[in-house]
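Structure, as structure tokens:
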Amino acid sequence: MGLKKISLYVLFIFSFSSSNAQRIAIVGAMPEEIKLLTDTLKQKKIIKKDGLVYYKGKIHTQKVVILKSGIGKVNAAYSTTKLISRFKVSKIIFTGVAGGVHPESYPGDMVVATSVFHHDYAKHLADQYIVRATTNLEGKLNPLYFKSDSLLLLLAKSVISDISFEKINEHKPQVFFGKIATGDVFLSNTEKAKWLYREFDAFATEMEGAALGQIAFQNHIPFLVIRSCSDNANNQAHVDFNEFKKPAADNAIRLVMGILDKM
Ligand code: ADE
């Protein structure tokens, strides 16, 4: 092989491997949940594929790929599957809003998931509703609770005090660490919100986390779900959600950016 051919070959390998280098994926379900991130992204490249829009680039010094999954568990599972088959993803962070179900939480408070689970994967008998573990594609039982990556959890804990979160409804956000309950339900029902806390010790509920967590678990990819409460999943939630979703989504992104900065 001549020198010219060799240099072209090296250049090809280099450009291929650098564009294919490991990235941290950040996923949000709705446009508001990724806007501040895509606005901050440096060296931005947009890739459209399979009905999805990927934003590749850098945040601080980290190579990232940002993706809007769409709302709900099916969209989250589809998007996460496509994401990890297209990119070499080292970790996945989900960022977005949720309904807080912890009795001491206010709209604006944040929940970093220690684990996520499907509250609507269940056996519903005449007098009992039993939430069950899913199985993987080979029929092997998954855990009921998909655990967040311990390193990402530690990082999240370590950066909280450095971040200034926006007040929501005059309330300075507190950050909780706890379980998040996922289901294909926008919950605006005080009794069911109480049930999620009572039965499972859940801190918040949303519509994508466990779907992403299940796909990440089945593919051995570490993940973390960060949610900021736009509402309390109570009878008033559908009103609060519209009022607080934007500032709440931005606060979750602030925490994600704090983590990226420390990595
Ligand atoms: N996302 C934000 N608020 C929610 C709620 N109350 N139920 C489900 N997902 C949510």
Side-chain angles (χ1 to χ4, degrees), residues 29 72-73 76 92-125 127-135 141-158 160 165 168 171-217 222-237 240-241 244 248 251-252 255-256 259:
K73 300 205 307 182
I92 310 176
I93 304 178
F94 193 99
T95 177
V97 297
V101 299
H102 190 280
E104 282 160 31
S105 89
Y106 289 90
D109 286 338
M110 326 243 317
V111 183
V112 179
T114 49
S115 66
V116 286
F117 68 100
H118 301 280
H119 71 72
D120 58 355
Y121 192 85
K123 184 148 89 174
H124 200 166
L125 305 172
D127 56 353
Q128 248 184 319
Y129 183 84
I130 307 162
V131 168
R132 309 183 70 176
T134 53
T135 50
L141 204 62
N142 280 330
L144 179 58
Y145 300 104
F146 298 103
K147 281 194 183 156
S148 294
D149 179 56
S150 49
L151 201 69
L152 286 171
L153 278 170
L154 272 179
L155 270 173
K157 269 189 193 133
S158 72
I160 285 164
F165 296 112
I168 292 181
H171 173 71
K172 186 168 173 284
Q174 320 174 67
V175 184
F176 295 97
F177 285 76
K179 280 181 217 156
I180 289 185
T182 303
D184 274 322
V185 183
F186 180 87
L187 197 64
S188 192
N189 181 311
T190 304
E191 281 316 305
K192 181 111 190 221
K194 281 186 181 165
W195 174 79
L196 283 175
Y197 175 70
R198 197 173 59 237
E199 279 300 307
F200 305 101
D201 215 14
F203 278 58
T205 187
E206 37 83 310
M207 302 174 71
E208 297 82 22
L212 178 136
Q214 181 175 339
I215 298 293
F217 173 83
F223 74 94
L224 181 69
V225 175
I226 294 174
R227 294 283 187 169
S228 172
C229 299
S230 51
D231 59 87
N232 274 349
N234 55 13
N235 297 351
Q236 152 93 10
D240 290 344
F241 173 78
F244 303 131
N251 275 343
L255 182 49
V256 173
I259 293 171

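The heavy-atom pair separating R227 from G209 by the smallest distance is NH2-N, 3.8 Å. Among all heavy-atom pairs drawn from C229 and V111, the shortest one is SG-CG2, 4.2 Å. Residues A233 and D231 share a closest heavy-atom pair of N-OD1, 2.8 Å.
Two residues are said to be in side-chain contact when any heavy atoms from C-beta on lie closer than 4.5 Å; K73 and Q214 fail this criterion. Counting heavy atoms from C-beta outward, L224 and L155 have side chains that stay 4.5 Å or more apart. By the 4.5 Å heavy-atom criterion applied to side chains, V116 and I180 are counted as neighbours. By the 4.5 Å heavy-atom criterion applied to side chains, I215 and I92 are not counted as neighbours. With contacts defined as side-chain heavy-atom distances shorter than 4.5 Å, the pair D240/S230 does not qualify. By the 4.5 Å heavy-atom criterion applied to side chains, K147 and Y145 are not counted as neighbours. Side-chain contact between V225 and T182 is absent, with no heavy atoms from C-beta onward closer than 4.5 Å.
Using a 30° and 60° split on the angle between ring planes, W195 and Y129 fall in the perpendicular class, above 60°.
Figure legend: K157 and F177 shown as a cation-pi pair, the cationic atom lying under 6.0 angstrom from the six-membered ring centre and within 45 degrees of its axis.
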Acceptor/donor pairs from residues 93-104 side chains to any protein atom, 3.5 angstrom cut, sequence neighbours excluded:
| residue | atom | partner | partner atom | Å |
| --- | --- | --- | --- | --- |
| H102 | ND1 | E104 | N | 3.0 |

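Using modelled atom types, one finds no donor on one side chain facing an acceptor on the other under 3.5 Å when comparing E199 with H119.
For F223 and F146, the ring centers sit 6.0 Å or farther from each other.
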